[in-house]
Amino acid sequence: MYSLMRFTEATEKRRTFGIISHPDAGKTTMTEKLLLFGGAIQTAGAVKNNKIKKSATSDFMEIEKQRGISVATSVMAFAYNGKQINILDTPGHKDFAEDTFRTLTAVDSVILVIDCANGVEAQTARLMEVCRMRKTPVIIFINKMDRDGKEAFDLLDELEDKLDIKVRPLTWPIGMGDRFQGVYNIYQKGLNLFAANKTKISEEVVSISNLADPTLDQIIGENPANELREEIDTVEGVYDPFDRNSYLAGDVAPVFFGSAVNNFGVKELLDTFCEISPSPQGRESDTRMVEPEDDRFSGFVFKIHANLDPKHRDRIAFLRIVSGRFERNKFYHHVRLNKDMKFPNPTSFMAQDKSVIDDAYPGDVIGLYDTGSFKIGDTLTTGEKMLFKGIPSFSPEIFQELENLDPLKSKQLEKGIRQLIDEGVAQLFIQQPGNRKIVGTVGQLQFEVINYRLIHEYGANCRFVPRNYFKACWITSTSAEQLANFKRAKSNYLALDKDENLVFLAETPFLLQMAEQDYPELTFHQTSAFKLETE
Ligand code: G4P
């Protein structure tokens, strides 16, 4: 019998987070090590092998294999230290940044992996912007300490500077590269000695209750010991003591050092994560704030995954549960369609396996088989008419017009492009006259994926013609007159997005600036989250 206590307990032990990084910093390796600790996989290499196996199953996924990236975002669940952990994986490739942004709406916290030699890279900065916008708590892991990189203090300064967040080291490295001896755990006052080891998952910790202890000199040598003492002194002088509330508010990011590939520093990270990271958080809907304790089920779709087998057109919608308990075979309300639906085969994701589940709790992500009912951002409830908000679209970077090459196939093309847009593969802007379809993406790779899928899955015959736009800006206005003037003057550069919002397609930064100057009552937003910004 389902009881309130069981529900609260189940909710509180869930930890749903995403790992983000610039490609190659070590996200996949870190994910794999966390799964090893959680016992969800047995051997190193399983995550990567899984990627390759998947890509061998269809031609479409050949694109992924060839480029060595993960197109799909997946979910991995495991139990550790009494917590039920859900890792939401995100594609590292920059062309799929939009996918990552959306996944970040479904997590409660984030682990950011940084390469100690490269520091803050372009992709890291962009992803962190999204975290800051949502005030997502972040833990930073500085990886690859077994290689020579930047000095620890310089890295911390760089993080604060470029990511606009305060940091607080919780471990401290002893040397780096060839001289890397391990990390000192500032809080537990333990010395964790480094031994390159790619398979073992235990870590031996020497307890050093006082840094003045001469054992330290015996273990790591006199000079490194003195250096460590000085550095820890500086750390304590420069950084405020760690405060969990500041972390939870997204103001301060605790920092760990280690080497993911060598399983080093990962356990400290995971243990601390379990201790400090937030349990499932509520989400804002258009009518009210929905808290996880609310026993009426609600959730939202943040990702739609096309079936890789073109013979079976069904898709999987990834739903994040916000409140209440989800039950298999029970009717829930699809708010946008105003329709009740039940789900006989909801799935959970346990590392490499998908399995049917009977129920799920706030913080969980479940897969719902879908034959075209879902769009990104859709809300399911127990009957209540409300929509979760805050799954933003960002201005695309590359624009191309979709041209139909075979008038007899226009139906297929129309259906195909609509479905791909529902999946969030790209954004579509419709321009009049002529119903012209301008497709916008973050990277070139999506056009290849879309073209391939339109031809192979939908039988369309089409091509893309580059259009020279710089940004798509959503428009809000405080003067109907100015808006009408703007529409008249710029009709060639206006379009409607998928929700029929008005969008200005600016050709250059200069033309955007001119528009801002000439029409001061209009605001040009580069993300569709402007509704959130202005509320
Ligand atoms: P990503 O998902 O962020 O793109 O990065 P991924 O984990 O695939 O790691 C990128 C490369 O960095 C991999 O090497 C990986 O082995 C290496 N790496 C990860 N953590 C560490 C670390 O702590 N120290 C060192 N020295 N290297 C690390 P690769 O050559 O691209 O792949 P592989 O053949 O080693 O698997």
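Whatever order the structure lists them in is the order used to number ligands and atoms, beginning at 1.
Atoms of ligand 1 lying under 4.0 Å from at least one heavy atom of Ser259, given by number and element, are 22 (C), 23 (O), 24 (N). Less than 4.0 angstrom separates some heavy atom of Lys27 from each of these atoms of ligand 1: 1 (P), 2 (O), 3 (O), 5 (O), 7 (O). Of all atoms in ligand 1, numbered sequentially from 1 with element shown, those under 4.0 Å from a heavy atom of Pro23 are 4 (O). Ligand-side atoms of ligand 1 in range of Ser21: 3 (O), range being under 4.0 angstrom from any heavy atom. Ligand-side atoms of ligand 1 in range of Ala260: 23 (O), range being under 4.0 angstrom from any heavy atom. Close contacts of ligand 1 with Asp24, meaning ligand atoms under 4.0 Å from a residue heavy atom, involve 1 (P), 3 (O), 4 (O), 5 (O), 10 (C), 12 (O).
Defined by atom type and a distance below 3.5 Å, a donor-acceptor pair is present between the side-chain atoms of Gln419 and Tyr458.
Residue Asp178 qualifies as open at atom CG: its count of foreign heavy atoms under 6.0 Å is 12 or below. A 6.0 Å sphere centred on NZ of Lys166 holds no more than 12 heavy atoms belonging to other residues, nucleotides or ligands.
With a heavy-atom cut-off of 4.0 Å, Thr29 touches ligand 1 through backbone and side chain alike. With a 4.0 Å heavy-atom cut-off, ligand 1 is reached by the side chain of Arg147 but not by its N, CA, C or O.
Here the CD1 atom belonging to Ile321 is positioned 5.5 Å from the CG atom belonging to Asp364, to the nearest 0.5 angstrom. Distance check: Arg132 CZ to Leu163 CG gives 7.0 Å after rounding to the nearest 0.5 Å. Separating the CZ atom in Phe141 from the OG atom in Ser259 is a distance of 7.0 Å, to the nearest 0.5 Å. Once rounded to the nearest 0.5 Å, the distance linking CG of Leu368 with CG of Asp378 reads 11.0 Å.
Contact of the Pro346 side chain with the Leu319 side chain is not registered, since no non-hydrogen atoms from C-beta on lie closer than 4.5 Å.
Considering backbone and side-chain N/O atoms, Gly258 never comes within less than 3.5 Å of an N/O atom of ligand 1. By the 3.5 Å distance cut-off applied to N or O atoms, Gly26 is counted among the residues near ligand 1.
Nearest to atom 25 (C) of ligand 1 by heavy-atom distance, out of Val113, Asp146, Ile19, is Asp146.
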